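Structure first, commentary second.
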Amino acid sequence: MRSLRRRARLAAAAAGAVIVGASGFLFASSAYADIDIVHIGEVQGSIADGDTDFTSPLAGKTVYVQGVVTQETLDPAGNKGFFIQERADATDGDPLSSDGVFVFNNKYSTIRTLNGSPAQAELGANWNVKVGDEIVVRAVVGTYFGNIQFSGGSTFVYDVVESGLDPLAEIETVEVDPPDDAKASTEYFRRHLGMQLTVPAESVVTAGRDVYSSGGEVWAMRGDSEAAQQDGYAARAFRDAHPLDTVEGNFDDGNGYLFVMGDLGLRATEGTTETIIAPAKTYDVITEENTGGVYLSFAKYAIEVANDLALEGGLEPAENEPVEPAGRKEVAISSYNIENLYDFRDNPNSECDFAGDPGCVDPEDPEGNVKPPYDYVPASFEEYQAQMERQAQQIVDDLKSPAILMTQEGEAQDVCSVNPEWTADSSLGADRLVCDLVNTGDANTGGDGAPDSIQELALLVAEYGGPAYEVAGDLDAADTRGIMTGFMWRPELAELADVEDDDPVLGAAPAVDYPTAADEINTDVENPKALNAALPQEVVDQCKSSGVFACNGFDVYSRPSQVGKFDLLDRRGKAVSEIYLVNNHFSSGPNTRVLHRTEQANYLAAITSSILADDRKARVLAGGDFNVFPRPDDPFAEGQTIAGDWVGPSDQLAGMYEDSGLASLYDVMLECQPEAAYSYTYMGQTQTLDQMWGSPAVFKALEDVTSAHINSDYPADAYEFGEEPAYGAYGASDHDPTVVTLKLK
């Protein structure tokens, strides 16, 4: 405990004396006598090396603390807050504890004064939040998602000690410099929680800006960090297993040197909820230092910078091993996650498709139920079209119009068909498709076998000046939420093959060797075709609602693998070879749903091995969003506890490596172009979620495999903040597409 440092006007106060405040209000010194103030460091707690419990030692207690108001915050919902931090000469002197704390104040710009306090005598019932005031507050120590904080509802100002201060001149100014080790970095930021940290000039952006309902964030590293000193496109943060990571070994430091900047402070500085942090891309350089309070939310310690980022453009990610067009006797096949491409039409067959829908319930698959609000519909048709236009541009300009595209995250809806009046030059807009938005089930007259949003994307490709793609997709490949995989192909270069009843996967009795009962959809004779089966009982018995044992329903897939068999055509339109494409979208979260995703890999391996058992020379290419990393990367290090006595690595794709008959094309990229071997960025690091796997015949014909870095390194769209895309077509999805080029024969 420590005594209150009073202002000069209170210095003469003695027990029983009467003091006249600035307001003229008379109050007895007993109202403020014997107040014990604790250091903010005591509220935050001293964090020793190796600590894992960051709970405040004073949690739930009512305390008095004193500090300078250093910064205000504002979130997009209009919620306000502010940071207070002790003067540099008035801290507890413990470098392991934080000297700052956050006060959440809901929608208010004032804090109530404590009844009978000096602040009430001088200011009345409320104190207006003001940066530069040094205040004493009485508050209850609380927490929100791990952030130690005070709440305005239980916080009262006892005294305003001084006003008009320059906060950064009074507090200890600290330049952010986290250690390389991820665990030590977490301790570092916890020791600065609520304090002001300065991002130095010359810091380098390591991932394109993300956008959430709570605002935006940008990940970066110091310009003098080891990773930033690497040459060219290697100057970024790679996951530990990547050969360009700065520490040798598959699981080493976790790249703790990274830090993230948010915009709660920027929004308060600008005085508007519609402000968002600058649209930074990977390799951009921050040219001016920027300071903000450290705030913890969703397991991320963000520096809530007070000012927008001053940026200088760095290397262009899209120029990192760009896709080359297929040659005269070559064929290109791409996998592309088109990120929730929902249209702006209310599907009569879905109850979780449009604003106000009640949700989707499947009594036989309760884990897959969708409860409102769970709506991915765009804000308008114009926004939906803008997304398609940008993706169409990418398909033509950056992917070089591949012969076949395997898409993920299109909408599972087929109630529309192409308007007979449509041409590439017709400018029909929303009328390019004619739809039945009234009738349900078999009574619906609008479908044509082409999922609507993927079909419309194909039309936008032609409208942009690209080739005319045909589209197909089995709606049985959808999850309850309503997203699915699909296929687009250029009819002059490929066509869906005719299939017989005895086809090993597309026929009436698929030869998929898996230990549980196949779903009824497996008996359909069609091309393309979704395949699924029940989860093994030993997995079902362990299924939980969250964590590593989480399950998306009780089938192997919530989004079944979809197989398409294509004839590849020469320039005269003659079929010269055929290929099986297996399109996938595994359950999300590399470190969650671990058992479920492992079975998805096992079932995919059973699909591909059954094709090769029928024809060992078959060309088989399995691709899509696997939502987990390839070997040797893993979300769990060797020996790390996954659950109970289950330890890492989880090796969730073991079935693909050992039983599929396929090999990973990621290894080819890693050997030939390591700086470009990734498809996604997360928390400032590159990683590979989108993968391609090929049979021996595919490897024999392989000419190239490339990930087009046109999305994950670029800022996400911020339409809700009134911002148009900053980089044209780039950033139209959160995944980078992959293109495989094969010799035609």
Side-chain angles (χ1 to χ4, degrees), residues 50 52 178-187 206-207 219 221 225-231 233-258 282 299 548 586 588-595 597-598 600-602 605 625-660 662-693 705 707 712 736 738:
T52 57
D180 290 348
D181 180 75
K183 177 67 171 61
S185 180
T186 299
E187 295 164 2
T206 64
W219 285 85
M221 58 185 170
S225 66
E226 184 178 357
Q229 299 303 309
Q230 298 194 109
D231 293 333
Y233 287 107
R236 63 181 308 158
F238 294 89
R239 276 184 59 84
D240 289 342
H242 197 285
L244 293 179
D245 181 55
T246 53
V247 178
E248 186 176 352
N250 292 338
F251 301 95
D252 36 62
D253 59 8
N255 298 331
Y257 55 83
L258 297 171
T282 305
V548 295
F586 286 7
S588 61
N591 59 349
T592 63
R593 303 179 178 91
V594 175
L595 285 180
R597 195 178 302 100
T598 299
Q600 291 170 355
N602 290 341
D625 181 359
F626 283 63
N627 267 312
V628 74
F629 319 126
R631 285 177 179 173
D633 205 348
D634 199 279
F636 301 95
E638 184 174 358
Q640 179 184 347
T641 298
I642 300 176
D645 58 359
W646 180 19
V647 298
S650 58
D651 203 14
Q652 296 166 48
L653 298 179
M656 290 299 296
Y657 283 101
E658 297 165 9
D659 303 315
S660 68
L662 311 183
S664 175
L665 291 171
Y666 169 75
D667 293 334
V668 176
M669 288 194 291
L670 204 61
E671 180 179 355
C672 298
Q673 50 205 41
E675 72 283 351
Y678 65 93
S679 71
Y680 197 74
T681 62
Y682 180 66
M683 295 184 71
Q685 302 182 85
T686 66
Q687 57 189 46
T688 297
L689 300 179
D690 307 87
Q691 301 176 35
M692 290 289 214
W693 297 71
V705 53
S707 185
S712 68
D736 285 336
T738 303

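This structure is a prediction, so every number in the text was calculated from the model and none was measured.
Take F586 and apply the ring pair (Phe, Tyr, Trp, His ring centres under 6.0 Å) test, not counting sequence neighbours, and it matches F626. Every residue two or more places apart in sequence or in another chain that forms a side-chain contact (heavy atoms from CB on, under 4.5 Å) with D667 is listed here: S664. By the ring pair (Phe, Tyr, Trp, His ring centres under 6.0 Å) test, Y666 is found to be paired with no residue, residues two or more places apart in sequence or in another chain being considered. A search for salt bridge (charged side-chain N to carboxylate O under 4.0 Å, His left out) contacts involving E675 returns nothing, not counting sequence neighbours. Legend: residues meeting side-chain contact (heavy atoms from CB on, under 4.5 Å) with D245, ordered by chain and number and at least two apart, are D240, V247, D252, D253, N255. Take D736 and apply the side-chain hydrogen bond (donor to acceptor under 3.5 Å, both in side chains) test, not counting sequence neighbours, and it matches H709, S712. Looking at residues two or more places apart in sequence or on another chain, you find a salt bridge (charged side-chain N to carboxylate O under 4.0 Å, His left out) between D633 and R239. Under the side-chain hydrogen bond (donor to acceptor under 3.5 Å, both in side chains) criterion, T282 pairs with D713, not counting sequence neighbours. In this structure D651 satisfies the side-chain hydrogen bond (donor to acceptor under 3.5 Å, both in side chains) test together with R631, sequence neighbours excluded. Q687 is linked by a side-chain hydrogen bond (donor to acceptor under 3.5 Å, both in side chains) to nothing, counting only residues two or more places apart in sequence or in another chain. In this view, A663 and F699 satisfy the side-chain contact (heavy atoms from CB on, under 4.5 Å) rule, not counting sequence neighbours. Checked against side-chain contact (heavy atoms from CB on, under 4.5 Å), P590 has the following partners two or more places apart in sequence or in another chain: V628, F629, P635, L689.
For the side-chain contact (heavy atoms from CB on, under 4.5 Å) criterion with S650, the lone passing option out of N591, T598, D634, V548 is D634.
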